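These figures come from a predicted structure and were not determined experimentally. We count ligands from 1, going down the list as the structure has it; atoms in each ligand are counted the same way.
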Amino acid sequence: MSDISLIKDKAKKMWSTFSAFETVTALAAPELIKFSGVHSGDRLLDVGCGTGVVALTAAHTGAKVSGSDLTPELITRAKENAQISDLDIDFQVADVEDLPYKDNEFDFVLSQFGHMFAPRPEVATSEMLRVLKPGGVIAFSTWPPELLTGRLFVLTGKYGPPAPKNVSPPVMWGEVEIIKKRLSESVRDITFHRAEYGNPTLSPSHMRVALEAYIGPIGATVKLLQPKPKKLAEFRNAMEDLLSEYFQNNTVIQSYLMTRAIKK
Ligand SMILES: C[S@@+](CC[C@H](N)C(=O)[O-])C[C@H]1O[C@@H](n2cnc3c(N)ncnc32)[C@H](O)[C@@H]1O
């Protein structure tokens, strides 16, 4: 198996428990739909769709929606979500670096905290733009390195296994100048907007426990540190200190960046 296939295999396992957080990321989905400007009848693709929170929100507006994600367990849940809502959405298991759609098929290609986890940004970007029509909208939400979730990923990277050499850190998708470099040859009218949502929880410790249980990269780091109790305690304390900075009124505030651009 190649390095890249191994990375994808690990990613699938890591993200398989993410559905517990769908009610949280569901709060950000309407913001991305509004920001991107989707209308009834538009053909829209949600990549790295997880359990389909953006796809379902778009389908409620009358858009014709497809969604794809690397992790089979999440696509099973996305299909259940569509069934519960009585929405007709084409969900497929697929890697954003190798999308099973035709060139120029969609009016909108969206990703909420999804494509940022593909290891090769240039491959993910070229696939997302390939399936988007000229004049169509690419829009995504990402976690910058200086805000809570980005800082958590940076912290996890410090305690976790060394990142493979050929993998770009996901939080680089939260840097405006890097996004401009990655997209600017193929798009025009690039715009950025900051937004936030609140994650209800009883304390920073409760939030830390939930992150360990359901957010794959954090859970994997805790597992790795089990034989080193001192290091594990240090990691847990650092997570709780960080979460405390964003905790108020039984909510952890998570801010993020949205990007929107038009394919040339
Ligand atoms: C933080 S979750 C976000 C899920 C969803 N978009 C949401 O907002 O709830 C990250 C998602 O990226 C997906 N993912 C990671 N690497 C991927 C890849 N190479 N191709 C497609 N999806 C990928 C994971 O399976 C997971 O569903």
With a cut-off of 3.5 Å and sequence neighbours excluded, list every side-chain donor-acceptor pair involving residues 119-127.
unit_1, atom_1, unit_2, atom_2, d
Arg120, NE, Glu97, OE1, 3.0
Arg120, NH2, Glu97, OE1, 2.7
Thr125, OG1, Pro121, O, 2.6
Glu127, OE1, Arg130, NE, 2.7
Glu127, OE2, Leu99, N, 2.6
Glu127, OE2, Arg130, NH2, 3.1

N or O contacts of ligand 1 with protein under 3.5 Å, please list pair by pair.
unit_1, atom_1, unit_2, atom_2, d
ligand 1, 6 (N), Gly48, O, 2.8
ligand 1, 6 (N), Gln112, O, 2.7
ligand 1, 8 (O), Gln112, O, 3.3
ligand 1, 8 (O), Gln112, NE2, 2.9
ligand 1, 9 (O), Thr25, OG1, 2.7
ligand 1, 19 (N), Asp95, OD1, 3.0
ligand 1, 20 (N), Asp95, OD1, 3.4
ligand 1, 20 (N), Val96, N, 2.9
ligand 1, 22 (N), Leu70, N, 3.4
ligand 1, 25 (O), Asp69, OD1, 2.6
ligand 1, 25 (O), Thr71, OG1, 2.7
ligand 1, 27 (O), Asp69, OD1, 3.4
ligand 1, 27 (O), Asp69, OD2, 2.7

Checklist outcome for this item: Residues at least two apart in sequence or cross-chain that pass side-chain contact (heavy atoms from CB on, under 4.5 Å) with Thr149, listed by chain then number, are Trp143, Phe153, Gln254
Checklist entry - Are side-chain N/O atoms of Thr57 and His60 paired as donor and acceptor at under 3.5 Å? => result no
Checklist entry - If we ignore angles and hydrogens, is there a donor and acceptor under 3.5 Å between the side chains of Glu73 and Ser16? => result no
Item to check | Side-chain heavy-atom pair Val131, Val109 within 4.5 angstrom cut-off | outcome: yes
Checklist outcome for this item: side-chain hydrogen bond (donor to acceptor under 3.5 Å, both in side chains) pairs touching residues 212-227, sequence neighbours excluded, are Arg208-Glu212, Glu212-Arg236
